Amino acid sequence: MEFFSLSTPVCLAKPYEKVLKSIETQYNVSLTVHDLYGRLGNPLGNSIIPGRHLHPHKCCHKGRGQNPDWNRICTEECFTNAERYAGTVLDPFLKKCWKGLIELVVPIIYKNSHQMTIFAGVFRDEKTPGESMPEWFREAYKNLPFPDEEKLNSLASLLRLLGLAIIEESDSRSEEHTSELQSPNTI
């Protein structure tokens, strides 16, 4: 008879989620993590930081269910255009979307490859949103903070370190899991 360990990187979720929430509170941001190659999944395919792939701020998510164009445009801007740009500049930058929302975008480069992107925001621009935006959006927008360059530089450094730590730990857990599967315990 053979036995295989079921230890998976699922245990990573709790400490990293706690750190992400702490950063959100300290910097007054919402954090979103785009895992470009599924590296943050456990062997069952579940994310070790579930629910972090979509922007949670009200100004980002509320309109998705109400307007089909909203979701399409947001997906194109964040999942396609911002990721493409992040993969070419490789350094943190600010992105302003079609709604006038500003986010810090932090590409996580691991072993010379863009593996993950962390978005932090949202912030407001000097301009107010146009009349085409719903009233609830314009009201929420008024309460958003303006980006503070010093805080954002500090946050970018912190997120870069955290992203690298998540990937490195995920890699080491994955290697442990693979070696356990290749070396079964026999009775």
Side-chain angles (χ1 to χ4, degrees), residues 9 12-13 15-17 19-21 23-24 26-57 59-61 63-64 68-125 144-175 177-178:
L12 289 176
Y16 285 119
E17 184 59 29
V19 169
L20 290 166
K21 285 184 184 219
I23 292 169
E24 287 176 325
Q26 182 179 352
Y27 285 89
N28 191 27
V29 295
S30 297
L31 297 175
T32 304
V33 179
H34 290 180
D35 177 11
L36 303 179
Y37 298 102
R39 298 175 56 88
L40 304 182
N42 65 22
L44 301 175
N46 301 316
S47 176
I48 61 170
I49 47 175
R52 289 280 177 182
H53 63 290
L54 293 174
H55 301 281
H57 193 278
C59 286
C60 290
H61 77 83
R64 286 186 186 132
D69 284 339
W70 190 296
N71 197 44
R72 180 187 56 76
I73 296 167
C74 288
T75 299
E76 184 178 312
E77 283 202 5
C78 285
F79 284 105
T80 305
N81 299 338
E83 292 295 356
R84 186 178 300 126
Y85 186 73
T88 60
V89 298
L90 306 178
D91 287 317
F93 60 92
L94 293 179
K95 168 190 80 74
K96 181 176 165 186
C97 78
W98 66 278
K99 294 177 271 188
L101 301 172
I102 297 172
E103 287 184 292
L104 171 66
V105 182
V106 182
I108 306 302
I109 311 305
Y110 182 71
K111 296 184 179 178
N112 297 318
S113 176
H114 178 207
Q115 297 291 310
M116 174 173 39
T117 307
I118 302 177
F119 293 78
V122 291
F123 305 95
R124 63 176 290 174
D125 189 19
L144 293 175
F146 289 101
D148 175 313
E149 189 172 341
E150 187 177 324
K151 276 181 127 176
L152 291 177
N153 283 327
S154 168
L155 179 57
S157 296
L158 180 62
L159 292 177
R160 183 176 267 167
L161 288 172
L162 178 62
L164 288 171
I166 292 171
I167 289 176
E168 286 176 358
E169 187 165 345
S170 180
D171 264 8
S172 70
R173 299 274 180 154
S174 181
E175 288 170 9
H177 183 73
T178 300

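When a residue number appears, it is its place in the shown sequence, counting from 1. These figures come from a predicted structure and were not determined experimentally.
One finds the CZ atom of Phe123 at 8.5 Å from the CG atom of Asp148 (value rounded to the nearest 0.5 Å).
With sequence neighbours left out, the side chain to side chain donor-acceptor pair (under 3.5 Å) criterion links Ser154 to Tyr27.
Inter-residue side-chain proximity for Leu159 and Leu31 is flagged as met; some heavy-atom pair is nearer than 4.5 Å. You'll find the side chain of Leu144 reaches within 4.5 Å of the side chain of Leu101, heavy atoms only. Taking the side chain as every heavy atom from C-beta outward, Val105 and Leu94 never approach each other to under 4.5 Å.
Between Trp70 and Trp98, the ring planes lie perpendicular to each other; the angle is over 60°, past the 30° to 60° tilted range.
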* To do: Please report the C-alpha distance between Cys78 and His34 in whole Å, then the side-chain angles of each, then the deciding distance to 0.1 Å, and finally whether the side chain to side chain contact (heavy atoms under 4.5 Å, CB included) criterion is met.
  => CA-CA 9 Å; Cys78 285; His34 290 180; 4.3 Å; yes
- Show the numbers, then the answer: is there a side chain to side chain contact (heavy atoms under 4.5 Å, CB included) between Leu54 and Thr32? CA-CA 6 Å; Leu54 293 174; Thr32 304; 5.6 Å; no
* Asked: What's the verdict on side chain to side chain contact (heavy atoms under 4.5 Å, CB included) for Ile49 and Asp35, showing C-alpha distance, side-chain angles and the deciding distance?
  -> CA-CA 10 Å; Ile49 47 175; Asp35 177 11; over 6 Å; no
List the steps, then state whether side chain to side chain contact (heavy atoms under 4.5 Å, CB included) holds for Arg160 with Val106.
-> CA-CA 7 Å; Arg160 183 176 267 167; Val106 182; 4.2 Å; yes
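Listed by first and then second residue, the salt bridge (charged side-chain N to carboxylate O under 4.0 Å, His left out) pairs involving residues 97-108 are Lys95-Glu103 (not counting sequence neighbours).
Using modelled atom types, one side-chain atom of His57 and one backbone atom of Cys59 make a donor-acceptor pair closer than 3.5 Å.
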